[in-house]
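The structure appears right after this line, and notes come after that.
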Protein chains: 2
Amino acid sequence: MDTGTAAPRRRMRADARRNYERLLAEAATAFAEYGAEFSLEEIARRAGVANGTLYGHFPSRRALLEALMGDRMRALATAGHGLLTHPSPFAGLTAWADAAMAHATVYRGLGSALMQAIEDETSELHTACEAVLAAGEGLVARARTAGEVRPEVTAADLYALINAAAWAGEQSSRQQGERLLAFGLAGLRTPSTPAPTDHGATP
Amino acid sequence: MDTGTAAPRRRMRADARRNYERLLAEAATAFAEYGAEFSLEEIARRAGVANGTLYGHFPSRRALLEALMGDRMRALATAGHGLLTHPSPFAGLTAWADAAMAHATVYRGLGSALMQAIEDETSELHTACEAVLAAGEGLVARARTAGEVRPEVTAADLYALINAAAWAGEQSSRQQGERLLAFGLAGLRTPSTPAPTDHGATP
DNA sequence: AACTATATCGAGACAGTCTCAACTTTCCTA
DNA sequence: TAGGAAAGTTGAGACTGTCTCGATATAGTT
């Protein structure tokens, strides 16, 4: 497990580590500018290394993108744990979903990678995804116990909802994405509950 | 308006029409086989025409894909109109959503194009999308009048939900997509309603 | 200082997108 | 039905991007 495609394993040589970090930094810049479709060739050029060096560190575009997202994902998982003590289980879940969607929105175009990383154990992001999923599961379980969400709701449902809403937000408008998230969350609720916490789906 | 990028306008020359249709047929085959990422070069080769001929008919991959989806979209709009007489407004809406999602699932990878075509008036698909949206609006309006969905729900919400669910289905599993759709539809409902028509989100 | 594992280099094979000037075909009309 | 203009086709080639690999350079060790 964790066949780190590009992670700094053991101990890298000093020059290797420097290049690794430069590449990652340039990738972050390029990503912010162009989204996920930047040219790998250009990243190498901007980082001042040869083409092959990039491929040495990151065998594929996806490996590079995954390395880029790892930290954020872990932060999200941590945030989820913090919200376990929120007074209202469902409100906590909602707050986390909002944060997660904000995250997914920044990483526009990568929702696909996020969704697939769950199933793909060879992915660099797999463990990070599992951590996020575990955090989600904690929140869902708590809300379920409190009778605030339908019993059949899983963390995977929540995860899918968040990513799908973020995707919709990218495709049309941010608001549309947020509306979708709001409706989706409403759909997770136990049917009879008359909605004590309004999430704000009203335009 | 309707600056058909590749539509058979006026009258095409016999050879042009033949090539146009061959290209479309090959594209359909390739799409079924590889999804939206097939090589345009290969389509031309398979259709027995030169590279440039393809670009003459379809200036971009997207134009080709759009031409491919037009018919289906129109069929979807028609189906929506038919469901306006369904005994239960919400059930009609649900049935249509299911059909629409099945459609979006077949055209995997094209949800993005579908979502963007609404806003992009230069898209070949724009009018088809508007027709679908109008059909959705009819169903939503009816359910709204019957008090079965929240007053703030729009056809755009429904459209976004369907496409997002289809996307989720592509990314992880078909069932996950269906679950998301079910939860989303539940979220569109008027909160107090105890759910007369169960859509089957339970695993 | 010599050695070796570890990295980097960069040319080049390959695949795809897209353009355009020369050429060919269709079809209209006289 | 011959001739010519408009419409369409062709395919080489410019370009961009991905990825590989043998030659070469360097860091860290003894």
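Remember, it's a predicted structure, so these values are computed and weren't measured experimentally. Below, chains carry the letters A, B, ... as their sequence lines are ordered, and counting in each starts from 1.
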Whole-Å gap separating [atom2] ([N]) and [atom1] ([X]):
{"X": "B:Y55", "N": "D:dT10", "atom1": "OH", "atom2": "C1'", "value": "15 Å"}
{"X": "B:Y20", "N": "D:dT9", "atom1": "OH", "atom2": "P", "value": "13 Å"}
{"X": "B:N19", "N": "C:dT25", "atom1": "CG", "atom2": "P", "value": "13 Å"}
{"X": "B:L54", "N": "C:dC20", "atom1": "CG", "atom2": "C1'", "value": "16 Å"}
{"X": "A:R11", "N": "D:dT29", "atom1": "CZ", "atom2": "P", "value": "7 Å"}
{"X": "A:N51", "N": "C:dA13", "atom1": "CG", "atom2": "C1'", "value": "13 Å"}
{"X": "B:R13", "N": "D:dA6", "atom1": "CZ", "atom2": "P", "value": "13 Å"}
{"X": "B:L65", "N": "C:dT17", "atom1": "CG", "atom2": "P", "value": "11 Å"}

Test A:L93 against every option in A:D98, A:L185, A:L83 by the side-chain contact (heavy atoms from CB on, under 4.5 Å) rule and name the one that passes.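 Passing option: A:L185.
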Heavy atoms within less than 4.0 Å of DNA chain D: which residues of residues 35-48 of chain B have one? Give them sorted by number.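 Going residue by residue through residues 35-48 of chain B, none turns out to have a heavy atom under 4.0 Å of DNA chain D.
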Any donor-acceptor pair under 3.5 Å linking the side chain of B:R144 with the backbone of B:R150?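 No, B:R144 side chain to B:R150 backbone: no donor-acceptor pair under 3.5 Å.
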Is there a donor-acceptor pair under 3.5 Å between the side chain of B:Y159 and the backbone N or O of B:L114?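 Pair found, side chain donor or acceptor close to backbone of B:L114.
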First encountered from the 5' end of DNA chain D, between A:R18 and A:S60: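 Looking at the nearest nucleotide for each, A:S60 comes out on the 5' side.
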At less than 4.0 Å, is any side-chain N or O atom of B:H57 found next to OP1 or OP2 of D:dT9? Yes or no.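 B:H57 to D:dT9 OP1/OP2: side-chain N or O found under 4.0 Å.
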Think A:T53 has a side-chain N or O under 4.0 angstrom from the OP1 or OP2 of C:dA7?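 No, outside the criterion.
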Taking the six-membered ring of B:F38 as reference, does the NZ or CZ atom of B:R46 fall below 6.0 Å from its centre and within a 45° cone about the axis?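 Pair B:R46/B:F38 does not count as cation-pi.
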Tell me whether B:R22 is salt-bridged to B:E26, with the criterion being a basic N under 4.0 Å from an acidic carboxylate O.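 Salt bridge: no.
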Considering residues, nucleotides and ligands other than B:R72, do more than 12 of their heavy atoms fall under 6.0 Å from its CZ?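 12 or below, so no.
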Measure from the side chain of A:V49, starting at C-beta and using heavy atoms only, and say which of D:dG28, C:dC27, C:dC9 lies closest.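 Out of D:dG28, C:dC27, C:dC9, the nucleotide with an atom closest to A:V49's side chain is C:dC9.
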For the residue pair A:F183 and B:F183, is the inter-centroid distance of their aromatic rings smaller than 6.0 Å?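 Between A:F183 and B:F183, the centre distance exceeds or equals 6.0 Å.
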Taking the nucleotide of DNA chain C with the closest heavy atom to each, which residue, B:R61 or B:G52, is nearer the 5' end?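 So the residue in question is B:R61.
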